[in-house]
Q: 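I have a structure I would like to understand better, so I am pasting it below and will then ask my questions one at a time.
Just so we're on the same page: letters track the sequence lines, and every chain starts at 1. Source: prediction; values computed, not measured.
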Number of protein chains: 2
Amino acid sequence: MVKMKDVALKAEVSQATVSRVINGSTYVEPYTRQKVLDVIEELGYKVNSAAKALSSKKSSVIAVILPDISNPYFAEILNVIENEAYQSGYKVIFMNSQGNEHKEKKLIDNILKYKPLGVVLSPLDDEENYSKKLIENKIPVVTMGKLSQNFSGVSINHKVGGELLAKHFVSLGHEKIGYIGNKDDKFKGFKDGLASLNVNLKDENCIDFYNYSSINIKEAVYSSLEKYLKKHKKFDFTAIFTGNDIVAMEVINFFRDKGIKVPEDIAVAGFDNISFTSYLSITTVAQPVREIAFLAFERLMMEAKSGNKEIKHIEILPRLIPRDSTVKFFK
Amino acid sequence: MVKMKDVALKAEVSQATVSRVINGSTYVEPYTRQKVLDVIEELGYKVNSAAKALSSKKSSVIAVILPDISNPYFAEILNVIENEAYQSGYKVIFMNSQGNEHKEKKLIDNILKYKPLGVVLSPLDDEENYSKKLIENKIPVVTMGKLSQNFSGVSINHKVGGELLAKHFVSLGHEKIGYIGNKDDKFKGFKDGLASLNVNLKDENCIDFYNYSSINIKEAVYSSLEKYLKKHKKFDFTAIFTGNDIVAMEVINFFRDKGIKVPEDIAVAGFDNISFTSYLSITTVAQPVREIAFLAFERLMMEAKSGNKEIKHIEILPRLIPRDSTVKFFK
DNA sequence: ATGAAAGCGCTAACAG
DNA sequence: CTGTTAGCGCTTTCAT
């Protein structure tokens, strides 16, 4: 492997000079500069990132930790970040926490070895899991989707998202309503929203479902729905809000299998607005995912470069996208 | 940052010994070993990957280069590889070539700096783009989806995939048939398959469409379809095969917008069998994506560890999944 | 079984 | 403006 020394020798300059022209850290005589550049080209020299990182004490990798890359919502985030990183000359180490807090914790442990420039994280529930080590090691972090008290973050306001759907359902005349998902902020917004419109979301109609990973999600959704049916004989609601679009799709599938018509018998709404919901015409709440990812990246860069440690939370308002799964022929 | 030297000092051993217990390279007295382990725990020591890589001349990162992470087919590949890599103690640097050969080339250039253990690549069309530098630098490579003469690879047989669909269309009684996509192996298989069944695939019904990136894919599909319409007034076929599932979805959308019924007026079939096709009941050709990714990773590991340079091509047979978009009420 | 020491390829004072 | 030099944190002979 050709190294800097080889370039220096052939260009008849010192290694330091080669380093200078590569990094543009200091002014180098144009002639010398060109000569070095030529030799680099000729020899096909490539810096050794490991050596560079070790010596300069900074790396050019950004770690991206996401719960489920098979969910197009997160895939889109990775898409944006990889693209931005590429344009800024950084590399992305991608890690999939798979909705598993234990794995998330190990991933963060692991990533510390690489001393990344920063990490973009779409965290699972338990803040304890990730914050401590990251803070200790002074690694800039920006979260997406959930806001953390220790780091900057970008997210839609999930409560408002839930409220939007509550209003939508009530305006459509629904009185018996269901929910399937975990009891997060959008659930709270949904429940509170309904309450403020004098509709009670019964506990028994809130089907607990916690599953970030889309592998086996069908089985998971089907089994929790079957469990509900076993207990209550029939679905005691005319509209249901699901934790995310993938779950919505599975719920619709399940209903179809059971001969339940959507939206005539039961209306279904999802969350995220992944592109596939438009093909299926599923009502959902839009998260401007590309914007979220972009802002997160931008903020991370700012903190990494300036060393600014101020915590900034950016909140974006979600938007309701009504489609056929709640209102027939909406289109 | 606590380093090996700190551990060595506190454990009252040499730095070399600490290195030994961490890497298990040589036998270390159990007592000493335990003492070192305790200190590591106590101090929260983490190796510095850069230093390790520089010193040992081997890294623990695997580069994954894919054309479009927003396409669930590729997202699934990344999912599998990240997971396998994690379990084997490796990190994944992810790069999105975005269907852009120029970017793919630059990405490969870039990745060389990191001296990755290996690269898993789903290449675009031009082999020249990627093979040379990778070979020069002796980096193990396994391709997926396309087989390269210079590297090992895993792929379904695309020709057979195209033939499968040809048979399917003909058995359904179609005689006027269309194609939208780029003219790759599956196109050849499709065309030849039709020919062998005495059906001619007219050139004018082969709509050229080259677009790996799913951003703006809607516009791209719509405009090429509009262009066809402008020229021919109406669609002169009763069945169309699309390059991949995403394109199939857009085509179906387009037809719906135009009041064309699928499959009654025109049958549509895709390629890949991404999970969303099942929700939409789109006929497609299944690529066992998880298996492909797994085999590619496995093969890469083998080559990276053993230094085995033998080129092995694994070909998997695709499977037709007939659904409602070609045969109503198939389910 | 363990320690000493050289060196991986690069950056960053420092000196001139 | 450019060369010299001292590390960065770790692995790996080579001794003992």
Side-chain angles (χ1 to χ4, degrees), chain A residues 1-37 39-40 43-61 89 91 110-117 137-138, chain B residues 1-37 39-40 43-61 89 91 110-117 137-138:
Chain A
M1 193 76 255
V2 28
K3 50 195 159 180
M4 232 177 216
K5 197 175 167 189
D6 303 326
V7 175
L9 241 45
K10 185 140 196 176
E12 298 175 296
V13 295
S14 75
Q15 196 178 316
T17 298
V18 178
S19 173
R20 281 172 189 125
V21 345
I22 288 177
N23 297 298
S25 38
T26 318
Y27 186 82
V28 176
E29 205 66 26
Y31 172 76
T32 319
R33 184 187 170 67
Q34 193 52 55
K35 193 167 55 177
V36 169
L37 254 17
V39 175
I40 286 178
L43 265 38
Y45 168 76
K46 293 275 178 324
V47 286
N48 177 327
S49 305
K52 178 165 189 162
L54 177 60
S55 173
S56 67
K57 291 168 174 306
K58 45 181 122 121
S59 87
S60 62
V61 313
K91 293 285 142 292
N110 269 321
I111 199 59
L112 296 176
K113 301 181 197 162
Y114 288 86
K115 317 220 171 312
L117 200 68
N137 286 277
K138 299 197 177 83
Chain B
M1 192 75 258
V2 27
K3 50 193 158 181
M4 233 177 214
K5 196 176 169 188
D6 303 325
V7 175
L9 241 47
K10 186 140 194 176
E12 297 174 297
V13 295
S14 75
Q15 195 178 318
T17 298
V18 176
S19 172
R20 282 173 187 124
V21 345
I22 288 176
N23 296 299
S25 40
T26 319
Y27 185 82
V28 176
E29 205 69 24
Y31 172 77
T32 319
R33 181 187 173 70
Q34 192 53 53
K35 193 168 54 178
V36 170
L37 254 18
V39 175
I40 286 178
L43 264 38
Y45 168 76
K46 294 272 180 321
V47 286
N48 177 326
S49 304
K52 180 165 188 163
L54 177 60
S55 174
S56 67
K57 293 171 174 303
K58 45 180 119 120
S59 89
S60 62
V61 315
K91 295 286 142 290
N110 269 321
I111 199 59
L112 295 175
K113 302 181 196 160
Y114 288 86
K115 316 219 174 312
L117 200 67
N137 286 277
K138 299 198 177 85

Q: To check you understand the geometry: which heavy-atom pair defines the closest contact between B/A50 and A/A53, and what is its length?
A: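 Minimum heavy-atom separation between B/A50 and A/A53: CB-CB, 3.9 Å.
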
Q: Enter the distance from A/L54:CG to B/L54:CG here, rounded to the nearest 0.5 Å.
A: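 Separation between the atoms: 6.0 Å.
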
Q: Could you list the protein-to-nucleotides 10-13 of chain C atom pairs, N/O on both sides, closer than 3.5 Å?
A:
unit_1 : atom_1 : unit_2 : atom_2 : d
C/dC10 : OP1    : A/Y45  : OH     : 2.3
C/dC10 : OP1    : A/N48  : N      : 3.3
C/dC10 : OP2    : A/M4   : N      : 2.6
C/dC10 : O2     : A/S55  : OG     : 2.9
C/dT11 : OP1    : A/N23  : ND2    : 3.1
C/dT11 : OP2    : A/S19  : OG     : 2.8
C/dT11 : O4'    : A/S55  : OG     : 2.4
C/dA13 : N6     : A/R20  : NH2    : 3.4

Q: For A/D6 and C/dG9, give me the distance from atom CG to atom C1', rounded to whole Å.
A: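 Going from A/D6 (CG) to C/dG9 (C1'), I get 10 Å.
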
Q: Quick one: closest heavy-atom pair of B/A8 and B/S14, and the distance?
A: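 Between these two residues, the closest heavy atoms are CB-C, 3.7 Å.
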
Q: What are the two closest heavy atoms between A/M1 and A/D6, and how far apart are they?
A: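 Minimum heavy-atom separation between A/M1 and A/D6: O-OD2, 4.1 Å.
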
Q: Taking any atom closer than 4.0 angstrom to a non-hydrogen atom of chain B, what span of DNA chain D does the protein reach, first nucleotide to last?
A: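 The contact span of chain B on DNA chain D goes from D/dG9 to D/dT13.
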
Q: For B/S19 and B/M4, work out which heavy atoms get closest and say how close.
A: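 Heavy atoms only, the tightest pair is CA-CE, 3.5 Å.
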
Q: Please round to the nearest 0.5 Å and tell me the distance separating atom NZ of B/K52 and atom OH of A/Y114.
A: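 Atom-to-atom, B/K52:NZ and A/Y114:OH are 9.0 Å apart.
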
Q: How far apart are the closest heavy atoms of A/V2 and A/L43, and which atoms are they?
A: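 Where A/V2 meets A/L43 most closely, the heavy atoms are CG1-O, 3.5 Å.
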
Q: For B/K57 and C/dG7, what is the distance between atoms NZ and C1' respectively, to the nearest whole Å?
A: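 Interatomic distance, NZ of B/K57 to C1' of C/dG7: 9 Å.
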
Q: Got a donor-acceptor contact below 3.5 angstrom from the A/S59 side chain to the A/K115 backbone?
A: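 Present.
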
